[in-house]
Every structure is written in structure tokens, then in C-alpha cells.
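Notes follow the structure.
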Amino acid sequence: MLGFFEKETSHSRTLLNDWGKPETLSAMLNYYRQMPQQVPQKNVSEKVLDDIRIPEIFIHCPTLLLWGSRMMRFI
């Protein structure tokens, strides 16, 4: 799986480590299972693929947005 990354970095090691955890993999797969996209059959024509539309999805979730004009460092 490391071939997915051009070079090994601390970030790539973290990702690979996290992806190996059953609960993380399950969460990632559940995200895609809940998507209402259309999945084409195998070997369909270009016309069928062109007609597939991604539905507009609105996720209603309370979100806190922090906005500022200066970056501050906390020590």
C-alpha cells in the first residue's frame, strides 16, 4: 500500500496506521455507503455514464466557524 504515496512521510505513516484500524476503516466505508450516488452496472456505454448525475447533498449539522484576520501563536 505504500506505493500509493510517492515517498514515505510522517503523514503517510499516520494515514496507513489509521487505515489499518478496523473502526477507522469501517467509518470510512460507512461514509460511502450512505452516499446516494448512482452506481452504474459493469461495461455500460459512455452515454449511460454521461447521464449519471451526482445528487445535491445537504448535510445538516451544527458547525462552529471561526474567522479572523490575524494568525496568533499560543505558547
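From a predicted model like this one, the values you see are computed outputs, not experimental measurements. By convention here, the first residue in the shown sequence is residue 1.
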May I have all residue pairs that pass salt bridge (charged side-chain N to carboxylate O under 4.0 Å, His left out) and include part of residues 23-48, sequence neighbours excluded?
Lys47-Asp51

Examine distances only and state if a side-chain atom of Thr14 and a backbone atom of Ser10 form a donor-acceptor pair shorter than 3.5 Å.
yes

For Val44, give me all partners under side-chain contact (heavy atoms from CB on, under 4.5 Å), at least two apart in sequence or on another chain.
Pro40, Gln41, Val48, Leu49

Would you confirm whether Asn30, through its side chain, and Ser26, through its main-chain N or O, come within 3.5 Å as a donor-acceptor pair?
yes

Atom OG1 in Thr24, atom CG in Leu15: separation rounded to 0.5 Å?
10.5 Å

